[in-house]
Structure formats: structure tokens, C-alpha cells
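Written out below as C-alpha cells is the structure these notes cover.
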Amino acid sequence: MSSSFQAPKGVSEYVPPRAELLYAVRRAFAEQARLAGYGYLELAVFEDTQLFKRGVGESTDVVSKEMYTFSDRGGRSLTLRPEFTAGVLRAVLEHGLHKQGLPVKVWTTGPAFRAERPQQGRYRQFYQLDLEAIGSEDPQIDAETIALAWNWYRGLGLTRVRLLLNSLGCRECRPAYRARLQEFLRGLDLDEDTRERVEINPLRVLDDKRPEVRAQVADAPLMADHLCASCKAHHDRVRGLLADLSIAWEDEPRLVRGLDYYTRTTYEFDHPLLGAQSGIGGGGRYDGLSEDIGGPPLPGIGFGLGLDRTLLALEKEGVAFGTPSRCQVFGVPLGEVAERRIFALVAELRAAGIAADMSYGGKSLKGAMKAADRSGAAYAVILGERDIAAGSAQVKDLAEGGQSAVPLTDITATLKERLVR
Ligand code: HAM
């Protein structure tokens, strides 16, 4: 029987063994980030609501429809983070990391919150890996961050991830393009909501998935054809660097992304087996975000990778990303004296780097062996009164069933040797 309570609707939760996969996947990312010189951050889960309004943009769905906003007891308006980038930049500026040399290279992970309609791969509490490089306009940083995510997916064993790439231009070239696009879109036969979007956020219309809209915008002017010389040079350089790294991307001139801060390089990682929620990660440049939130001019680039969807992708591709087994050796004591001896032995095994557990609560041999099987251990160490008198224990191979007596003083060394075989 469960309790009278359930987790709130749409919250993605993980319990073993899936939670261990999540942890292993994060650990693999931590290693990639460390190798590339990114430091770890642990940040506020809720922020001043204005940070997201000004940073992410009031016209976005994320800010206008999906934020969990509440007043605290002092009447301040706070919001559970719907994404990490605005908070990372806020923290970098607040802690003065940008004064200690640029670029500031950081990453973080944890839950983010969006009040979306839940379905497979789309949750109200979900998990991201977020990485940001702040303070450099160098296209090499763009390629470095993309390569890091790419190598992480590859390292997990995913082979079907697609990288979709675009440039959204800058504050020099985008306004003219935006006006041109608006002019084109105003001439189409669109519904009321979409017409409104044309006025507020016309680029988003290009990203509309409905066939009737898609057909109409097929001939729309594209940002790629209206980039200024420096945006074009930047984009060409990023593509050249990706080619040098043998990263296969697809140019996607209609890729827009749902957050307002993007400039220049923008991209998404897509997984073809995930159906409607196929975006497993995304990122790009945000060269004006620092100023938008009241900071100094500081260009930046980064990405957010969806952990929930990455796990689904691993499962869809049938990849067994290795999590070391939780328990390698399981202690089965029979009687109180044996219990104390096994308790000490389990501590000794753990100190020797062997994952060990034991049966608690004075279980019968049958009950304890059942627990041993359930633990997934390769070996059980069974200790009865007669064994203690003989100074040995029975070591049982749980997969093959064979059993032999091993002197108590040799158990750790013996198991260590057998486990590497
Ligand atoms: P985003 O595309 O909004 O970008 O989210 C990044 C990833 O988070 C998505 O590709 C998706 O895998 C996952 N995700 C988003 N919403 C949900 C949801 N409701 N349920 C499950 N997974 C979800 C950002 O958040 C930017 N801050 C990324 C970034 C960092 N850009 C620059 N730096």
C-alpha cells in the first residue's frame, strides 16, 4: 500500500535503478567538463521573477505561460527557474567571476520547472545539464561547447543524435531581417494567435510545426541570407571548426529556439526516436543577455541538455550505458556472533573498494539468500557457527552456484581477485 500522497502531476522522479543511470550519465558529463576546463556551480533554484522576464523575454511561452511564480512572505515575486542561463549569468556577475579572467567557463545541473502539459519526455519538473562560457566572442568557444555535448552523447553510446545548426544574427543585422520577415508574414492567411505572434516574435512563426503554417512560410526570407558580414564570417568559422572535429551537423535555417536571448550561433540536438519531444538539448550565443539583466557587455554561449530525454533516448536505442553494479558481495550471517564478524567484514570489503552489503535483522538462511539474490551481488559470504569455529566462511558464486570454504583472513583478497576475473 502506498501513502495517501503522490508527487505533483508532471514531476519527473527517479528511483533505483534508473536514478543510478541518471547519476552515471551526469558523472560522465562532469568528466567531459573537467577535461575542457569548466568549473562546477551550485545555484539558487528560485530567482527574482524579473531576472527571467528581462533575461529570457516576456514574449516567450516559457515566461508568459509556463513559470512557477510565487510571492514569499516578504511580498517578493520569486520564480522557480525555468532554465539555467539567466541564473548562471546572474551568479557569475554577482560573485565577480568575470573579473578573474575571461572566458568564465562553468557548468551546473539540477531541476528546472515549467508549467507545461505533461506527456512522455515533457515534465513540469525536469533535469538539465547546463554549461556556459561567458566573456568570449571567439567562434572556437562555440565549437568547443558543441563538441563537448556531442562527445558526451557519443560517450554514452548514442549514435542517432542529430545536430541542427543555425545563426540568428546580431543586433546589427537582425532588426532589418525581422522587419522584412514581418512584412512577408503579414501577407499570409494566418489565424488570430499567429498574427499576434507576427507582431511580437515573428521568428517563432518560422518554427511553427502545423502543416498549414509550414506550407505558407516555405518561401519566407531566412536569416541565413541576411546575416551581416561579421555574423556570416563567425558562422562560417564555427562550421569549419566543427568539420575539423568531424562533427556532422545539418544546417537548419528555420531553427529559432524558444528563448529570446539568442544571437548568432544557435543549435539543437534532436533524437529521431523520441517522437514529439525530440529535442534532447539545445543552446547558442547570447551576446546581449548580460546587458539585458543590468550587467556589463559580456558575450556568452552555452547549452542545456535535457537529462530526462537523454535517458529515454538511451532506452530507445537500447544502449546499456554501464552503471557499476550496486552490490558485488553480500554477507549472510547466521547467528549473533556471525553477525558481528560479517558486519566487520563488510566494512573491510568496502574499504578495499568492493561494493558490499549484508542481510540485517537476523534473517533465516533462506530469507538472507533471497536478499543476496535480489542484491545483484556476484558472491555471497555465508558465515555460520561451524564456520567460525573453523576460522573460515563459505563463499558462494551466486551466478554459477559453486561454493567453497575460504579462511576468514583471506576473504577480502580472494574476492578482490575473483571479482576482477
Ligand atoms: P531549452 O531548449 O529551453 O534551452 O531546454 C534545453 C533542453 O531541456 C531541451 O532540449 C529539452 O531536452 C529539455 N527540456 C526543456 N523543457 C523540458 C520539459 N518540460 N521536460 C523535459 N525536458 C525539457 C534552455 O533551457 C537554455 N537555457 C539552454 C542554453 C544554455 N542556451 C544557452 N545556454
Side-chain angles (χ1 to χ4, degrees), residues 9-14 22 25 29 38 41 43 47 51-52 55-57 60-63 65-68 80-92 103-134 141-142 145-146 148-149 152-153 158 161-164 166 168 204 207 255-271 274-290 292 298-314:
K9 188 170 172 221
V11 166
S12 136
E13 286 191 314
Y14 294 87
L22 182 75
V25 156
F29 186 87
Y38 287 78
L41 298 174
L43 298 181
E47 298 268 4
L51 174 70
F52 301 118
V56 176
T60 61
D61 283 355
V62 169
V63 169
K65 300 183 190 156
E66 297 169 358
M67 294 211 297
Y68 282 101
L80 295 180
R81 63 182 174 204
E83 62 103 51
F84 287 76
T85 312
V88 168
L89 193 49
R90 190 269 310 143
V92 164
V104 178
K105 293 167 61 163
V106 287
W107 75 281
T108 184
T109 182
F113 307 85
R114 296 183 191 175
E116 296 197 77
R117 206 156 40 78
Q119 64 180 79
Q120 186 171 59
R122 188 168 70 196
Y123 310 104
R124 292 180 174 171
Q125 174 176 321
F126 59 98
Y127 301 87
Q128 275 191 9
L129 287 164
D130 183 89
L131 176 136
E132 314 287 353
I134 293 157
I141 283 278
D142 303 35
T145 52
I146 294 172
L148 204 149
W152 175 68
Y153 287 129
L158 291 172
V161 177
R162 292 164 64 212
L163 167 60
L164 311 175
N166 194 18
L168 287 180
R204 287 295 291 166
D207 211 22
L255 180 78
V256 174
R257 313 259 311 121
L259 313 166
D260 271 358
Y261 47 63
Y262 289 112
T263 55
R264 293 193 163 176
T265 309
T266 40
Y267 55 93
E268 259 171 30
F269 294 104
D270 188 84
H271 198 282
L274 290 190
Q277 306 305 321
S278 64
I280 60 172
R285 279 208 160 267
Y286 43 86
D287 293 344
L289 178 57
S290 176
D292 289 345
L298 269 182
I301 182 158
F303 57 68
L305 308 180
L307 281 167
D308 313 85
R309 294 183 192 174
T310 301
L311 253 57
L312 290 171
L314 284 169

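Computation of the quantities below employed the complete heavy-atom set of this structure, encompassing side-chain atoms and omitting hydrogens, waters and symmetry-equivalent molecules. Atoms within a ligand are numbered from 1 in the order they appear, just like the ligands themselves. As the structure is a computational prediction, the values presented were derived from the model and not from experiment.
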(request) Go through the steps to decide whether Tyr127 and Tyr14 satisfy the test ring pair (Phe, Tyr, Trp, His ring centres under 6.0 Å), and finish with yes or no. (result) CA-CA 11 Å; Tyr127 301 87; Tyr14 294 87; 5.8 Å; yes
(request) Please determine if Glu268 and Arg257 form a salt bridge, counting it only when a charged side-chain N lies under 4.0 Å from a carboxylate O. (result)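 Salt bridge present between Glu268 and Arg257.
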Minimum distance, heavy atoms only, to [atom]: which one of [options] is it?
atom: atom 21 (C) of ligand 1; options: Gly306, Gly284, Gly121; value: Gly121
atom: atom 28 (C) of ligand 1; options: Gly304, Ala133, Gly10, Ala115; value: Gly304
atom: atom 10 (O) of ligand 1; options: Gly281, Gly55, Gly283, Gly302; value: Gly281
atom: atom 29 (C) of ligand 1; options: Tyr262, Tyr123, Phe84; value: Tyr262
atom: atom 3 (O) of ligand 1; options: Glu83, Gln119, Arg114; value: Arg114

(message) Tell me whether ligand 1 is touched by Arg257 - counting only heavy atoms on the residue side and a distance under 4.0 Å.
(response)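 Within the 4.0 Å threshold, so yes.
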(request) Give a yes/no on ligand 1: does Tyr127 have at least one heavy atom closer than 4.0 angstrom to it? (result)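 It does not; every heavy atom stays at 4.0 Å or beyond.
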(message) With ring-ring contact (aromatic ring centres under 6.0 Å, His included) as the test, pick out the partner of Tyr286 among Phe303, Phe84, Tyr261.
(response)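 Exactly one pass, corresponding to Tyr261.
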If we set the cut-off at 4.0 Å for heavy atoms, which region of [X] has an atom near ligand 1: side chain, backbone, both, or neither?
X: Phe113; result: neither
X: Val62; result: neither
X: Phe126; result: side chain
X: Arg124; result: neither
X: Ile301; result: neither

Can you find a side-chain donor-acceptor pair between [X] and [Y] that sits under 3.5 Å?
X: Asp142; Y: Thr265; result: yes
X: Asp260; Y: Thr60; result: no
X: Tyr123; Y: Gln277; result: no
X: Thr266; Y: Asn166; result: no

(request) Kindly confirm or rule out an N or O of Gln128 lying under 3.5 angstrom from an N or O of ligand 1. (result)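 N/O-N/O distance under 3.5 Å: yes.
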Report, in ascending order of atom number, the atoms of ligand 1 lying under 4.0 Å from any heavy atom of [X].
X: Gly282; value: 10 (O), 28 (C), 29 (C)
X: Glu132; value: 30 (C), 32 (C), 33 (N)
X: Gly279; value: 9 (C), 10 (O), 11 (C), 12 (O)
X: Asp130; value: 30 (C)
X: Ile280; value: 10 (O), 12 (O)

(request) Given side chain to side chain donor-acceptor pair (under 3.5 Å), test Thr85 with Glu132 step by step and report yes or no. (result) CA-CA 7 Å; Thr85 312; Glu132 314 287 353; 3.0 Å; yes
(request) Quickly, which of Val106, Val104, Thr145 forms a side-chain contact (heavy atoms from CB on, under 4.5 Å) with Tyr38? Name it, please. (result)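 Passing option: Thr145.
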